2 protein chains.
Amino acid sequence: MKKTYSEENYLKAIYHLGKSDNKVSPKAIADALENNPASVIDMLKKLQDKDLISYDKVQGAILSRSGEMAALDIIRKHRLWEVFLVEKLQYGWDEVHDIAEQLEHIHDEQLAKKLDDFLGNPSFDPHGDPIPAQNGKMPVYASKRLSEADENQMCKVGSVRDTSTPFLKYLKQLKVGLGSRIRVIEKMEFDQSMIISIDEGEPKTVSSKMTDNILVILD
Amino acid sequence: MKKTYSEENYLKAIYHLGKSDNKVSPKAIADALENNPASVIDMLKKLQDKDLISYDKVQGAILSRSGEMAALDIIRKHRLWEVFLVEKLQYGWDEVHDIAEQLEHIHDEQLAKKLDDFLGNPSFDPHGDPIPAQNGKMPVYASKRLSEADENQMCKVGSVRDTSTPFLKYLKQLKVGLGSRIRVIEKMEFDQSMIISIDEGEPKTVSSKMTDNILVILD
DNA sequence: ATATAAAATTAGACATGACTAATTTATGTA
DNA sequence: TACATAAATTAGTCATGTCTAATTTTATAT
Ligand SMILES: [Mn+2]
Ligand SMILES: [Mn+2]
Ligand SMILES: [Mn+2]
Ligand SMILES: [Mn+2]
């Protein structure tokens, strides 16, 4: 069922508000969308009729399964477009939100996938927010940088903080990808460069610029 | 003055219909937009109030200066996005029109320029239609391929039929750009390769694949 | 427990951009 | 010229998504 621009914005707002544990009230939604509680209630009724949410005064608005999938799809597109605007069109990270707010509503079956591939399947947007996968799964948030790992620590690559072509090319050459297992062999005091083993391969030296831009999950 | 999605579509339709010499009637617009003549007349009144067109029964709809600039801006964005979808996202040329129909309505001051630069300032879209410049000027339609020029012919590069990165890189290396002056020194019967002089420089040999993808204006 | 304030809801209105049906105007043909 | 058809226009309706104002419900504080 094709959703309107407006319905999509409501679903997204309800999703975001639902992440904090407060109940999602008409007032909260109205504040988020900078409109009127009366308008919100009108829309909540429509969304409930379409089984995208359930709403009652006590529980507030709660996304249904299909409503949540729709919200995640919009968020995915929003964040992918933000990556595009920053990485490819050279916008500043602070300039892209309003444009992505428009681009997220472009409808096409193949578009998100093709854009995702073109961008090198980034896990995070330019503001560090995770980009949901097609199935709605959020990437595991790898909160530690490789540069913060201790000597002899084993870890797994969770995401990259830089999705520029040169960096991605460099990683490809090193055979580092999402899920690669990295062991820290030695950390140089002097310049913070590291000697690491990638998937138990031969030791390689990498700069702090590299290790600062790799986010890992420690074992 | 910000235009609505709908106003933009009307302006574009009026522009295209105005290119053929028939008068732009409500019926013609209704056919183009697949809607109703009554709806069209409603909108023509609104567009006239905003000084984007003039309309009367005798002359039909005629774009004002600002109306034409607005139409050209939409067409520019439509065609740039089509180039993006084909060249960067690997869509087929037959799949992109409907998506561009949505993308053309994204509003941002800098977007068209940045997209244009990112794409290497293409002159034509994937269907061969010319892409208006920011000032509304259509590129001179260079209808001859360099491969069709005769020996000793002097000509000027008008556009490229291929805007892929490898081709553009190759042209950069040869120092061939829009406006470059090319003299055909010799054409090889055998494989249609050519010896040419670029801006009166030293002779260089180029393949028929190259000369087929350069459109020129003959002197 | 009662007064007060905040939130939710209802009722009614409005702008936009579409539609249908009826009417008027123009065109074309016998 | 008179009839038939097509195009343009008007009038009235509708769906969407918004608003304001009034009312009801809920929460908070004395
Ligand atoms: Mn954003
Ligand atoms: Mn949005
Ligand atoms: Mn097109
Ligand atoms: Mn359009």
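These numbers come from a predicted model, not from an experiment. Each chain gets a letter, A, B and so on, in the order the sequences are listed, and its residues count up from 1.
- At least one donor-acceptor pair closer than 3.5 Å links the side chain of A/N213 to the backbone N or O of A/K209.
- Using bins of under 30°, 30° to 60° and over 60° for the plane-to-plane angle, the ring pair B/F84/A/W81 lands in the tilted bin.
- Listed pair A/S25 / C/dA7 fails the phosphate criterion, with no side-chain N or O lying under 4.0 Å from OP1 or OP2.
- Taking the side chain to side chain contact (heavy atoms under 4.5 Å, CB included) definition, one finds that A/L174 meets it with A/Y170, A/V176, A/I198, A/K204, A/V206, A/M210, sequence neighbours left out.
- Residue A/N36 places at least one side-chain N or O under 4.0 Å from the OP1 or OP2 atom of D/dT20.
- For the pair B/K45 and D/dT10, the criterion of a side-chain N or O lying under 4.0 Å from OP1 or OP2 is met.
- Remark: P of D/dT13 and CG of B/D42 are 15 Å apart, rounded to the nearest angstrom.
- Rounding to whole angstrom units, CD1 of residue A/I41 and P of D/dT26 are separated by 13 Å.
- For A/K23, the NZ atom counts as densely surrounded, since its 6.0 Å shell holds more than 12 non-hydrogen atoms of other residues, nucleotides or ligands.
- Contacts with DNA chain C (heavy atom under 4.0 Å) in residues 2-15 of chain B: B/T4, B/S6, B/Y10, listed by number.
- Taken residue by residue, residues 46-64 of chain B places heavy atoms nearer than 4.0 Å to DNA chain D at B/Y55, B/K57.
- A/S25 places no side-chain N or O within 3.5 Å of a backbone atom of A/G60 that could act as its donor or acceptor partner.
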